[in-house]
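Working notes for the structure below.
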Amino acid sequence: MLEVRDLDAFYGDSHILFKLRLSVGNGQRVALLGRNGAGKSTLLKSVMNAGPRVRGALRFDGQDIGALPVHRRTQLGLSLVPEDRRIFTHLTVAENIAIARYGASAQRPAVPVAEIIERFPMLVALQQRYGGQLSGGQQQLLAVARAMAANPSLLLLDEPTEGLAPIIVEEMAHDVVRTCTERNTALLLCEQNIWFARRCTQYVYVIDTGRIVFEGDWAAFDANPQVQQRYLAL
Ligand SMILES: Nc1ncnc2c1ncn2[C@@H]1O[C@H](COP(=O)(O)OP(=O)(O)OP(=O)(O)O)[C@@H](O)[C@H]1O
């Protein structure tokens with residue numbers, strides 16, 4: 001589904017990602033772990049063409065997407081939830097979700113709002129609340145729900161649990177796994193919360209200073225405690 005090969009990424013003259021290789025299979029859920037500043041967000045933005053200048057190969061469903069603008073990548077089935085959420089504070093929860101239809105296409109029609117709200121039960125009682133009236137955790141859940149409403153085949157989540165209460169983190173893990181499984185949506189999740197990443201994904205990459213330093217399933221991750229100590233310990 002997503003194939004990243006020998007990807008270099010730059011902000012101006014700053015070289016951030018180095019010959020990065022990563023794959024996400026159809027319906028597969030993959031975590032990218034790494035410390036602050038390791039390059040996780042830069043990778044997601046590179047996949048969406050939302051900031052960095054890149055060199056290397058980006059293929060999605062067999063198609064070279066390297067030259068496509070953001071909206072074309074969205075239409076092909078990529079959906080990014082950035083770290084800053086971008087909830088519309090003056091729109092209700094239901095309206096925020098309905099906005100996702102603008103990212104949909106004839107090939108990938110938007111999922112009805114009611115169906116999405118059903119999949120994120122914490123939003124049921126909040127449907128008519130304004131985005132600005134939600135807690136940080138509720139806003140983050142809404143951002144994920146809205147991204148799923150665009151009916152993506154690959155969801156890109158950038159540190160969705162940062163700063164959230166454990167109860168919301170648990171709810172989000174449950175809702176994300178269930179929704180991705182039911183809709184056969186693949187996931188590329190950038191995280192520092194290893195518990196959440198483990199709950200949500202089947203395969204792990206670890207990034208450090210713009211380079212992949214580990215990849216494997218969770219059993220392989222657990223069999224290499226030095227990876228965690230060296231690249232993820234605070
Ligand atoms: N717009 C930008 N211009 C210049 N440098 C940037 C920009 N955005 C990020 N960087 C730099 O790129 C490097 C990687 O940042 P990135 O945001 O990808 O890391 P991250 O792993 O997502 O970390 P965090 O968890 O802090 O978001 C850092 O050194 C950062 O300072």
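Indexing begins at 1, ligand by ligand and atom by atom, following the structure's order. By convention here, the first residue in the shown sequence is residue 1.
- Sorted by chain and number, the residues within 4.0 Å of ligand 1 by heavy atom are Tyr11, Ile16, Arg35, Asn36, Gly37, Ala38, Gly39, Lys40, Ser41, Thr42, Glu83, Glu159, Gln192.
- For residues 51-62, the set of pairs meeting the side-chain hydrogen bond (donor to acceptor under 3.5 Å, both in side chains) definition, not counting sequence neighbours, is empty.
- Side chains of Gln127 and Thr92: no donor on one and acceptor on the other come within 3.5 Å.
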| message | Using salt bridge (charged side-chain N to carboxylate O under 4.0 Å, His left out), reason through Asp175 and Arg119 one step at a time and then give a plain yes or no. | response | CA-CA 7 Å; Asp175 296 349; Arg119 288 167 195 270; over 6 Å; no

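- One finds the CZ atom of Arg198 at 9.5 Å from the CG atom of Leu33 (value rounded to the nearest 0.5 Å).
- Proximity of a side-chain donor or acceptor of His174 to a complementary backbone N or O of Val176 within less than 3.5 Å is not detected.
- In this structure, a donor-acceptor pair under 3.5 Å is absent between the side chains of Gln202 and Asp217.
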